[in-house]
Amino acid sequence: MSASKAEVLAGLRAERELLNVIPTKRLFTDDPKRMDVFSRDACGLHVDFSKHRLRRSTLDLLLSWEDACGVGALRDKMFAGAEINESEDRAVLHTALRDQAQSPLSPGHARVMNEVMTVRANMRAFVTRLEAGQFAPSHAPIETVIHVGIGGSELGPKLLVDALPPRQNAPVTRFLANLDGTEYERAIAGADPRSTLVIAASKSFTTWETKANVEKLWAWLKAGGIDNPGAHIVALTAKPELAAKLGVPGEQIFPLWDWVGGRYSLWSAIGLPFAVHAGWDAFCELLQGAREMDEHFLTADAEHNLPILLGLIGAWYIHFHGAETQAVFAYDHRLAKLPSFLQQLDMESNGKGITKAGDPVEGSTGPIIWGGEGTLVQHAVMQLMHQSPRLVPADFIIARDPRHDHIDHHQGLIANCLAQSAALMNGRSLEETIALYPELAERPEIAAQRTYPGNKPSSTIVLDAFTPHHIGALLALYEHKVLVQSALWEINAFDQWGVELGKLAANDVHAALVSKGEATDFDRSTNALIAKLRRS
Ligand code: F6P
């Protein structure tokens, strides 16, 4: 560690000690310009960072930290198409998927723009044919779409289909991810095979869950009187040869590439179910919003760069305050699936314990992401947020213009969203509690239980309007935040070796479970559980 970086880290530790005892609300009185220093606008998003345990000097030190860690250099290498995913020898170019051919953001994008545009054009042609009722393999217009995929091949499209309105006469989209008979039954319930499109989404086309579900649906189509089930299937994959082997016609295979990580793939062909659901224009708007965020990330100076600021603030709590988790509360029913999406994005990317140099990381890395929908969370988890000694930084998300007609309801949501973050920061002292409830003066033990410590940090992210454009910008913001934090911890955000061991073990356990003999290959606990769960 260079001396200057060591000094920066020491400076940040000193800031932490100080800010742990200064109530955050006092920082507003100390600095009348606080709102200018700690709020930013970009890409249709307003981000208020002012309720954090930060003052100007903290921000300066955090910016020196990111500078010393080479955040900008890693970002530039990513956009340039360098192989920053070293453990898999791959470039990381998901940003090219939302770029424009006429004016690519980087030479790295320019290199892959032709293939990106070809697949985009093919997707568009397919969506247009389907909309016009011309994609009708059994001479019936498509009424049901069953999207089969898991992890990055499901969470993004599922979030979007849930968040954004269907185009006129859009088919109903169902999602089938798990190796779970109940989920399968629900996915096919009431669907007519002749008017069903199956989307098989799998970058590797070898994922157990997806293969098993596609095979089952193949048989279901066949049993429904369809001689050539492949005609009802489109495949979204980086292994087109495997999809072709299954029997999917070539023109129904939409490729993606090694340089698109699964959890960064919703902008690729993996986004097809969203384009089918919301229409091609909505898909393009989504890409455009993300592209704006890419350009902002690439060009804005660190002080004004939303992903850099969000990344630094998150890391401030993890690295210096020992925070374990990060909450995400979207005050919008349409973003109910955002925490699950961000869980994979962040935890599969930065849930690492070894640096790129092969050393154990210092302290901890990416946060445990959790969250929920406001106001529902207020009736479930906010007790802990307000009174537990745990430190849980939170992101509150709300749209200014919800793009629906129930403005009365929306005002209520805004009020609750702002009230929660304010109450978390301001808290309520013993004196304030007794002033409000004088009868508690005689019962100090009860009064104490009705106090709120405050100083609970949060960011508020305001979308100008709830549109595909703003959702694109929001998701890209979180993607880039993950990259920023990976640079601070010197880890590779783009591989996921941690999921491999469990997958290998599952194959072995399955073989033992379906075999006749007694299981002896595992630890005694697992052997005994296999014996208990085996169907004789
Ligand atoms: O198990 C984790 C994972 O490898 C994710 O990274 C990925 O998004 C998911 O599985 C699905 O993989 P695929 O798209 O290859 O089916």
Side-chain angles (χ1 to χ4, degrees), residues 84-85 87-94 97 119 123 146-161 175-180 183-184 187 198-218 233-246 248 253-274 337-352 366 369 475 478-479 482-483 486 491-510:
I84 62 166
N85 177 0
S87 76
E88 297 182 311
D89 299 321
R90 287 178 186 167
V92 176
L93 274 171
H94 52 275
L97 296 163
V119 176
M123 286 168 68
I146 304 180
H147 177 89
V148 188
I150 195 163
S153 294
E154 191 219 19
L155 293 163
K158 193 173 177 180
L159 159 71
L160 295 172
V161 167
F175 289 87
L176 174 55
N178 208 350
L179 265 183
D180 186 314
E183 195 184 344
Y184 171 77
V198 173
I199 301 184
S202 174
K203 183 179 166 190
S204 62
F205 227 72
T206 55
T207 302
W208 184 350
E209 295 89 335
T210 305
K211 267 176 71 181
N213 280 323
V214 171
E215 276 163 22
K216 248 197 168 153
L217 286 169
W218 184 284
I233 302 179
V234 303
L236 322 174
T237 182
K239 297 281 181 223
E241 63 286 2
L242 296 184
K245 204 164 144 209
L246 178 76
V248 181
I253 301 175
F254 299 92
L256 48 144
W257 304 271
D258 267 357
W259 44 259
V260 190
R263 51 195 175 273
Y264 298 87
S265 66
L266 72 95
W267 325 96
S268 71
I270 297 291
L272 188 74
F274 171 62
K337 298 195 165 54
L338 183 64
S340 307
F341 173 80
L342 295 179
Q343 249 164 19
Q344 193 215 14
L345 174 65
D346 209 321
M347 294 168 76
E348 201 167 73
S349 295
N350 282 347
K352 310 280 166 67
I369 302 282
L475 299 183
Y478 277 112
E479 283 183 353
V482 166
L483 175 99
S486 76
I491 54 177
N492 181 354
F494 300 104
D495 59 12
Q496 56 283 318
W497 297 109
V499 302
E500 290 307 315
L501 187 60
K503 281 190 195 169
L504 291 175
N507 287 329
D508 295 342
V509 171
H510 187 251

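Throughout, residue positions are numbered sequentially from 1 according to the sequence presented. Just so you know, ligand 1 is whichever comes first in the structure, and atom 1 is the first atom listed for that ligand. Heavy atoms only: backbone and side chains are in, while hydrogens, waters and symmetry mates are out.
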Quiz item: Can you tell if the side chain of Phe205 reaches within under 4.5 Å of the side chain of Lys245, non-hydrogen atoms only?
Solution: no
Practice problem: Provide the number and element of each atom of ligand 1 under 4.0 Å from a heavy atom of Glu348. | Solution: 2 (C), 5 (C), 6 (O)
Quiz item: Is the closest side-chain donor-acceptor distance between Ser265 and Ser268 under 3.5 Å?
Solution: no
Quiz prompt | Ligand-side contact atoms (ligand 1) for residue partner Lys503, heavy atom cut-off under 4.0 Å | solution = 1 (O), 4 (O)
Quiz item: Could you state the interatomic distance from CG (Leu256) to OH (Tyr264), rounded to the nearest 0.5 Å?
Solution: 15.5 Å
Quiz item: Among Ile253, Ile270, Val148, which one satisfies side chain to side chain contact (heavy atoms under 4.5 Å, CB included) with Leu236?
Solution: Ile270
Quiz item: With a 4.0 Å cut-off on heavy atoms, does Glu154 reach ligand 1?
Solution: no
Exercise. Using the side-chain contact (heavy atoms from CB on, under 4.5 Å) rule, take Leu242 and Thr237 through it: C-alpha gap first, then chi angles, then the decisive distance, then the call.
Key: CA-CA 9 Å; Leu242 296 184; Thr237 182; over 6 Å; no
Quiz prompt | Nearest-option assignment for atom 15 (O) of ligand 1, heavy atoms, candidates Ala177, Ala200, Ser204 | solution = Ser204
Quiz prompt | Interfacing atoms of ligand 1 (cut-off 4.0 Å, heavy-atom, Thr207) | solution = 12 (O), 13 (P), 15 (O), 16 (O)
Quiz item: Which atoms of ligand 1 are found less than 4.0 Å from any heavy atom of Ser153?
Solution: 13 (P), 14 (O)
Self-check item: For Gly152, atoms of ligand 1 separated by under 4.0 Å from a heavy atom
Solution: 7 (C), 8 (O)
Practice problem: Please work out which of the three classes, parallel, tilted or perpendicular, describes the rings of His510 and Trp208, given edges at 30° and 60°. | Solution: perpendicular
Quiz item: To the nearest 0.5 Å, what is the distance between NZ (Lys203) and CZ (Arg263)?
Solution: 9.0 Å
Quiz prompt | Distance from atom 9 (C) of ligand 1 to nearest protein heavy atom, with residue and atom | solution = Ile150 O, 3.6 Å
Quiz item: Mind checking whether Thr210 has an N or O less than 3.5 Å away from an N or O of ligand 1?
Solution: no
